[in-house]
Chemist: 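Dropping the structure in here first, questions after.
A, B, ... follow the sequence lines: proteins, then strands. Residue 1 opens every chain.
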Amino acid sequence: MSANLSALFYLISGILFILALRGLSSPETSRQGNYFGIAGMAIAIIVTFLSVGNFGIGFIYVIVFLLIGGSIGAFIAFRIPMTAMPELVAGFHSLVGLAAVFVAISAFLKPDAFNLGSLGNINLASLIEMSLGAAIGAITFSGSIIAFLKLRGIMSGAPITFKGQHFLNLILGISILILIFYLCRSQSSSLFWALVAISFLVGVLLIIPIGGADMPVVISMLNSYSGWAAAGIGFTLENTALIITGALVGSSGAILSYIMCKGMNRSFFNVILGGWGATEQTNSDKTKEQKPVKNGNADDAAFLMKNASSVIIVPGYGMAVAQAQHALREMVDVLKKNGVKVSYAIHPVAGRMPGHMNVLLAEANVPYDEVFELEEINNDFANCDVAYVIGANDVTNPVAKSDPQSPIYGMPVLDVEKSKSVLFVKRSLSPGYAGIDNDLFYRDNTLMLFADAKKMTEEIVKNL
Amino acid sequence: MEIDPFIFRLSIFILSIFVGYYVVWSVTPSLHTPLMSVTNAISSVIIVGAIIAALSGSSAGNIFQISNIFGFLAIILAAVNIFGGFLVTQRMLQMYKKKKK
């Protein structure tokens, strides 16, 4: 196949990828969008085979390896529980990153196969592009591995910080640039390996100081990086499909990071430079005095909700941990049978990744037109009888609106306290990720339900 | 004077960033998780590079030179992502249903 013809087909697959993302503007069109994406991928792979034009023994090996990887991927995709989605996405990002590194290494070792010059005499532009692709890919890989370990709970989610951390990162970042510069002058392979190694290290150092509730930003950011790595390789290979895809994925991840940061009223750099809880320890000490809380049980909760005319449910990460989404749906079904109007309110940063709560509720067969975003539903709390807070904490804290001293001041929060009564399911009075006390616990209209989210919800169903 | 082909690729890249910007802002927030998994799947189009790497010089007989091996490894990684990414996205999207009337 001629190079011009294959370039046109790569363009078509790039356009199909754009349509795949476009489909996600509504759940109705999203499934069709996914098929566009699959078609784009199939075209890109077939065109590559045709343009290489070699159907010997190597081709068979490629198909075999493709099927091995494909079956592993399909197996994971069918078996993974929906609650494990954040770590799955982090894991997948690491694979894209590593694949980018491997392709860059291969191109460096055998540039003639890619028309980039010869070994030790690679075109300057191609060398810069492949170094950038390899460096960003390596950062994506090791960063995603750390994110995966933290989300999976293998590694503590707490931020790991040490003295001089930012300075070290700065030095390493500059040394990457210096290495690329000298690599371009000498074409030495040891410099290339050093570049890859340092980039792996940077990925680790970049993610370890970020923890817990900042995870949505981390995942979005790594999503973005995997795109830029793909684009870097796309420039090296002069491949339109890769360049378009890299740009799409890169900007998609960047927008998601922005939305997540805005949901916490924090700047991107503030998140990247380290833990929230770690910097603001002063508040917890002065509010140590015991304030009275109203303690309720499942019976009280069932009574309140049965007699309500409208209930708003506020899910958070705790719901995912307790796997309470199915029990929650059962509870809502019973309430709806009793003529209670029920809707769900989702904060942008609820959970550990963008849209985490929506997927879990969809899994429990909650229709998506009962689920609302913060801006859509926040005014309804004033007219609602019961707010049922399950596994959320910081995103309901009224302090964010009233106390300029608070570290979360200015963060958009759900106006839960405006509803007639608040049922707050929580295991203890301990503060949330931000490390600050939630004022909501001590309000007159709040009833604390101290229990595991799933057990409490099941109990309420029994009492309804 | 002729324009360097790099400039054309750069133009495609920058225009695609703009396309991505507007398309992604129109994605409904409830589908942000499927957005991440599908972007992950499509970024595995890097498999194109992996295939070229794996097949380079294979006509000469030896297909297990070091650069080919890296290509084969990249094929496995990208294939896990392609199948895993699209299938898990499909599985998620199947769950988004409207209220039964």
Side-chain angles (χ1 to χ4, degrees), chain A residues 17-18 21-22 24-25 27 30-31 34 37-38 41 44 48 52 54 58 62 65-66 69-70 72-74 76-77 89 92 95-96 98-100 102-103 105-106 109-110 113 223 226-227 230 233 237 239 241-245 247-249 251-252 255 354-355 358-359 362-363 367-369 373, chain B residues 6 9 12-13 16-17 19-21 23-24 26-27 29-33 35-40 42-46 48-51 53-56 58-59 63 66-67 70-90 92-93 95-99:
Chain A
F17 291 151
I18 295 174
L21 300 193
R22 183 74 187 92
L24 291 170
S25 57
S30 60
R31 286 173 277 261
N34 202 37
I38 296 172
M41 187 61 74
T48 309
V52 174
N54 180 336
V62 169
F65 284 110
L66 197 78
I72 299 172
I76 297 172
V89 169
F92 277 173
L95 300 183
V96 179
L98 195 58
F102 285 169
V103 173
I105 291 175
S106 185
L109 294 176
K110 209 165 188 189
N223 186 234
S226 69
I233 302 296
L237 306 183
N239 185 303
L242 255 175
I243 295 177
I244 295 178
T245 315
L248 289 178
V249 177
S251 53
S252 162
I255 290 172
N358 303 79
V359 172
E363 189 203 8
Y368 62 81
D369 37 6
E373 304 301 316
Chain B
F6 172 78
R9 288 191 283 277
I12 295 174
F13 179 62
S16 304
I17 292 178
V19 171
Y21 180 85
V23 170
V24 171
S26 74
V27 171
S30 66
L31 292 176
H32 275 163
T33 300
L35 171 67
M36 301 205 82
S37 62
V38 86
T39 49
N40 181 73
I42 64 173
S43 58
S44 313
V45 74
I46 200 152
V48 165
I51 293 172
L55 291 177
S56 65
S58 63
S59 46
I63 59 155
I66 183 93
S67 67
F70 276 113
F72 282 119
L73 290 175
I75 287 177
I76 296 183
L77 297 177
V80 171
N81 253 329
I82 293 172
F83 283 74
F86 281 124
L87 288 173
V88 89
T89 309
Q90 193 67 18
M92 272 191 272
L93 294 176
M95 300 185 314
Y96 282 81
K97 291 191 196 88
K98 251 198 158 125
K99 211 180 316 195

Chemist: Look up atom CG in N81(B) and atom CD1 in I72(A), then write down how far apart they are to the nearest 0.5 Å.
Modeler: 11.5 Å
Chemist: CD1/I42(B) to CZ/F17(A) distance, rounded to the nearest 0.5 angstrom?
Modeler: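 Between I42(B) CD1 and F17(A) CZ, I get 6.0 Å after rounding to 0.5 Å.
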Chemist: Between L93(B), V24(B), T89(B), which is the residue that forms a side-chain contact (heavy atoms from CB on, under 4.5 Å) with L24(A)?
Modeler: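 Checked L93(B), V24(B), T89(B) against L24(A); only one passes side-chain contact (heavy atoms from CB on, under 4.5 Å): L93(B).
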Chemist: Is any side-chain heavy atom of P29(B) less than 4.5 Å from a side-chain heavy atom of E373(A)?
Modeler: yes
Chemist: Of the non-hydrogen atoms in R31(A) and Q90(B), which two are nearest, and what is the gap between them?
Modeler: O-OE1, 4.3 Å
Chemist: Atom CZ of R9(B) and atom CG of L242(A): how far apart are they, to the nearest 0.5 Å?
Modeler: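 It is 12.0 Å, given to the nearest 0.5 Å.
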Chemist: Could you tell me which of L73(B), I66(B), T39(B) has the largest number of non-hydrogen atom pairs under 4.5 Å with chain A?
Modeler: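 Among L73(B), I66(B), T39(B), the one with the most close pairs to chain A is T39(B).
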Chemist: Under 4.5 Å, counting heavy-atom pairs only, tell me which of L31(B), L87(B), V23(B) racks up the most with chain A.
Modeler: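 Of the candidates given, the most pairs with chain A belong to L31(B).
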Chemist: Once rounded to the nearest 0.5 Å, what's the spacing between atom CE of M95(B) and atom CG of N358(A)?
Modeler: 10.5 Å
Chemist: Name the member of L109(A), I243(A), L248(A), I76(A) that forms the most heavy-atom pairs with chain B at distances under 4.5 Å.
Modeler: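 Greatest number of close heavy-atom pairs with chain B: I243(A).
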Chemist: Checking heavy atoms, do the side chain of I105(A), its backbone, both or neither come under 4.5 Å from chain B?
Modeler: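 When you check distances to chain B, only side chain atoms of I105(A) fall under 4.5 Å.
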Chemist: Give the member of L77(B), I76(B), V45(B) that has the highest number of heavy-atom pairs under 4.5 Å with chain A.
Modeler: V45(B)
Chemist: What's the separation between atom CD1 in I255(A) and atom NE2 in H32(B), rounded to the nearest 0.5 Å?
Modeler: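 The NE2 atom of H32(B) is 8.5 Å from CD1 of I255(A), to the nearest 0.5 Å.
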Chemist: Identify which part of L21(A) has an atom lying under 4.5 Å from any heavy atom of chain B, answering side chain, backbone, both or neither.
Modeler: both
Chemist: Of the backbone (N, CA, C, O) and the side chain (C-beta and beyond), which part of V38(B) lies under 4.5 Å from a heavy atom of chain A, both, or neither?
Modeler: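 V38(B) touches chain A through side-chain heavy atoms alone.
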Chemist: Under a 3.5 Å cutoff, is there a donor and acceptor pairing between the side chains of S226(A) and N40(B)?
Modeler: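 Side chains of S226(A) and N40(B): no pair found under 3.5 Å.
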Chemist: Work out which heavy atom in A74(B) is nearest to a heavy atom in V103(A); give both atom names and the distance.
Modeler: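 Scanning both residues completely, I find the closest heavy atoms to be CB-CG2, 4.0 Å.
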Chemist: Does any backbone or side-chain atom of I82(B) lie under 4.5 Å from a heavy atom of chain A? Answer side chain, backbone, both or neither.
Modeler: side chain
Chemist: Please give me the minimum heavy-atom distance between A79(B) and G70(A), naming the atom from each residue.
Modeler: CB-N, 3.7 Å
Chemist: Does the side chain to side chain contact (heavy atoms under 4.5 Å, CB included) test come out yes or no for F86(B) and M41(A), once each step is laid out?
Modeler: CA-CA 10 Å; F86(B) 281 124; M41(A) 187 61 74; 3.9 Å; yes
Chemist: Do you know which of V62(A), I233(A), V52(A) has the most heavy-atom pairs with chain B at a distance under 4.5 angstrom?
Modeler: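 Counting heavy-atom pairs under 4.5 Å, the top option is V62(A).
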Chemist: A53(B) and S106(A): which non-hydrogen atoms are nearest, and at how many Å?
Modeler: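 Heavy atoms only, the tightest pair is CB-OG, 3.1 Å.
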Chemist: Could you tell me which portion of S25(A) (side chain, backbone, both or neither) has an atom closer than 4.5 angstrom to a non-hydrogen atom of chain B?
Modeler: both
Chemist: Do you know which two heavy atoms are closest between A99(A) and I46(B), and how far apart they sit?
Modeler: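 Scanning both residues, the minimum pair turns out to be CB-CG2, 4.0 Å.
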Chemist: For L35(B) and S252(A), which heavy atoms make the closest approach, and how far apart are they?
Modeler: CD2-OG, 3.7 Å
Chemist: CZ of F13(B): more than 12 outside heavy atoms within 6.0 angstrom?
Modeler: yes
Chemist: Select, from F83(B), Y96(B), F6(B), the one with the greatest count of heavy-atom pairs under 4.5 Å involving chain A.
Modeler: Y96(B)
Chemist: Show your reasoning for whether side chain to side chain contact (heavy atoms under 4.5 Å, CB included) applies to V249(A) and S43(B).
Modeler: CA-CA 7 Å; V249(A) 177; S43(B) 58; 4.0 Å; yes
Chemist: Any idea which of S67(B), A78(B), S16(B) has the most non-hydrogen atom pairs under 4.5 angstrom with chain A?
Modeler: S67(B)
